[in-house]
Amino acid sequence: MKGDVFLRQKTKIVVGLIALAAMMIGVWWSSEWIYCKQICDKKIETSVGVKNEADKTVVLDAGHGGKDSGKIGIHKILEKNINLEIAKKVQQLLLEQNIKVVMTREQDVDLADSKIEDLRKRVEIINDAKPDLAVSIHQNSYTSEEIRGAQVFYYSQSDKGEKLASILQNALLKVDPENKRKEKGNDSYFILKKTEVPVVIVECGFLSNTKESEKLVSDEYQDLLAKAIFDGIMEFLSL
């Protein structure tokens, strides 16, 4: 009799231990499942965010190139070289934000034998890329040396182009608060009127102005201009 009682008690203890172990395993499995779900959800959310950013495309057009030097400024400064340097700096900033960047040129080359064919090729690159926007980077010049300041041009019949130009102009004014220039509409620039997306021309400054031309060839000032253009692009893409 005593043996039966002892056996029953022992059985109860074993069953209880098995039940406790099963409960603990269940709690552990549940917590692990919740944790894994949170991690997976977070990964999905993150990858979706990256995908959305990667879906953004920007075309950067470094004006002129090759045999077409563009404006020739004081001390024989060539516009084409400054355009490319600034464009590459903007490109790097955009790539760091996972923005797809299409460059019309990345070396000192022109895109065709004639000026009009070169412009048509740039327009073709922009339209084929179907970007969210395009920025053509240039330097200005004038007969009077005192004229200075960055200015952004847009196609006057494009509301989005005007918005982009306004944002970029304000960003550039932060680099040079003394600049009183405003964004300006234009109906004749080939690259503005022949493209199918918001496109602006950024004239970063005047190579005919001694002080401004000295800044435009400096790496530090080019960095400031590139950051301003980048900031304007990112603001427009966030709208």
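What you are looking at is a predicted structure, and each value in this text was computed from that prediction instead of being measured.
- Here the closest heavy-atom approach between residue C204 and residue A150 is recorded as O-CB, 3.4 Å.
- We find that K115 and D68 are joined by a salt bridge, their nearest charged nitrogen and carboxylate oxygen being less than 4.0 Å apart.
- Within a 6.0 Å radius of CD in E96, other residues, nucleotides and ligands contribute more than 12 heavy atoms.
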Margin query: side-chain contact (heavy atoms from CB on, under 4.5 Å) for L164 and Y154? Distances and angles first, verdict last.
Written below: CA-CA 8 Å; L164 174 59; Y154 63 93; over 6 Å; no
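- When every heavy atom of G161 is checked against every heavy atom of S158, the shortest pair comes out as N-OG, 2.9 Å.
- Residue pairs that meet the side-chain hydrogen bond (donor to acceptor under 3.5 Å, both in side chains) test with at least one member in residues 163-173, sequence neighbours left out, do not exist here.
- No chain of hydrophobic side-chain contacts below 4.5 Å, direct or via other Ile, Leu, Val, Met, Phe, Trp or Tyr residues, connects I74 to L207.
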Check: Do V200 and L133 pass the side-chain contact (heavy atoms from CB on, under 4.5 Å) test, and can you show the C-alpha distance, the side-chain angles, and the key distance before you say yes or no?
Finding: CA-CA 8 Å; V200 294; L133 63 94; over 6 Å; no
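- One finds the CG atom of D55 at 7.5 Å from the OG1 atom of T57 (value rounded to the nearest 0.5 Å).
- Contact between A112 and K67 at its shortest, heavy atoms only, is O-NZ, 3.4 Å.
- Residue pairs meeting the side-chain hydrogen bond (donor to acceptor under 3.5 Å, both in side chains) criterion with at least one partner in residues 198-216, sequence neighbours excluded, are E145-T210.
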Item checked: From CA spacing to verdict: salt bridge (Lys or Arg N to Asp or Glu O under 4.0 Å), D231, K227 -> CA-CA 6 Å; D231 288 342; K227 182 62 165 57; 2.9 Å; yes
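- Both L225 and I233 sit in one connected hydrophobic cluster of ILVMFWY residues. Membership requires side-chain heavy atoms under 4.5 Å apart, directly or through other members.
- Counting only residues at least two apart or on different chains, the ring pair (Phe, Tyr, Trp, His ring centres under 6.0 Å) pairs with a member in residues 60-112 are H64-H138.
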Next item on the list: Test side-chain contact (heavy atoms from CB on, under 4.5 Å) on K89 and F230 and set out the steps.
Entry: CA-CA 9 Å; K89 291 175 184 291; F230 163 77; over 6 Å; no
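- At least one side-chain heavy atom of N81 sits less than 4.5 Å from a side-chain heavy atom of L78.
- Criterion: ILVMFWY side-chain heavy atoms under 4.5 Å apart, direct or through other members. Under it, V217 and L224 are part of a common hydrophobic cluster.
- Under the side chain to side chain donor-acceptor pair (under 3.5 Å) criterion, D176 pairs with R148, not counting sequence neighbours.
- If you take CD1 on I99 and CG on L94, they are separated by 6.5 Å, rounding to the nearest 0.5 Å.
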Margin query: Run M234 and F236 through side-chain contact (heavy atoms from CB on, under 4.5 Å) and show every step you take.
Written below: CA-CA 5 Å; M234 295 303 293; F236 183 83; over 6 Å; no
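- Looking at heavy atoms from C-beta onward, D61 lies out of side-chain contact with I137 at the 4.5 angstrom threshold.
- Put simply, the side chain of N179 never gets that close to the backbone of L173: no donor and acceptor are under 3.5 Å apart.
- Expressed to the nearest 0.5 Å, how far NZ of K194 lies from CG of N127 amounts to 11.0 Å.
- Counting only distance, with no hydrogens or angles, the side chain of E79 and the backbone of K71 share a donor-acceptor pair below 3.5 Å.
- Put simply, CZ on R122 and CD1 on I125 are 7.5 Å apart, with the number rounded to the nearest 0.5 Å.
- One hydrophobic cluster holds both L172 and V90 under the rule that ILVMFWY side chains link at heavy-atom gaps under 4.5 Å.
- Of all non-hydrogen atoms in V175 and A228, the two that sit nearest each other are CG2-CB, 3.7 Å.
- Other residues, nucleotides and ligands contribute at most 12 non-hydrogen atoms within 6.0 Å of the CD atom of Q107.
- The environment of CG in L95 is crowded: more than 12 heavy-atom neighbours from other residues, nucleotides or ligands sit within 6.0 Å.
- Closest approach of L168 and G232 over heavy atoms only: CD2-CA, 3.8 Å.
- Although no hydrogens or angles enter the test, the distance criterion places a donor-acceptor pair under 3.5 Å between the side chain of R105 and the main chain of A62.
- Considering all non-hydrogen atoms of both residues, V101 and Q91 come closest at CG1-CG, 3.8 Å.
- In this structure, CG in L60 is found 11.5 Å from CD1 in I86, a value given to the nearest 0.5 Å.
- Of the candidates V202, I229, V135, V152 forms a side chain to side chain contact (heavy atoms under 4.5 Å, CB included) with just one, namely V202.
- Judged purely by atom type and a 3.5 angstrom limit, K80 uses its side chain to pair as donor or acceptor with the backbone of G66.
- For the 3.5 Å distance criterion, the side chains of N83 and Q139 qualify, holding a donor opposite an acceptor.
- No side-chain donor-acceptor contact under 3.5 Å links D132 to the backbone of V58.
- The side-chain hydrogen bond (donor to acceptor under 3.5 Å, both in side chains) analysis of residues 182-192, with sequence neighbours excluded, yields the pairs S156-D187, N186-S188.
- Between K121 and D113 no salt bridge is recorded (no basic side-chain N to carboxylate O distance below 4.0 Å).
- To the nearest 0.5 Å, atom CG of residue L84 and atom CD of residue Q222 are 10.0 Å apart.
- The hydrophobic clustering, which links ILVMFWY residues whose side-chain heavy atoms are closer than 4.5 Å, places I191 and M103 apart.
- Around atom NZ of K174, no more than 12 heavy atoms belonging to other residues, nucleotides or ligands sit under 6.0 Å away.
- Residue I147 is found in a hydrophobic cluster whose other members, listed by chain and number, are Y142, F206; membership requires side-chain heavy atoms under 4.5 Å apart, directly or through intermediates.
- The shortest distance between side-chain heavy atoms of V59 and V197 does not fall below 4.5 Å.
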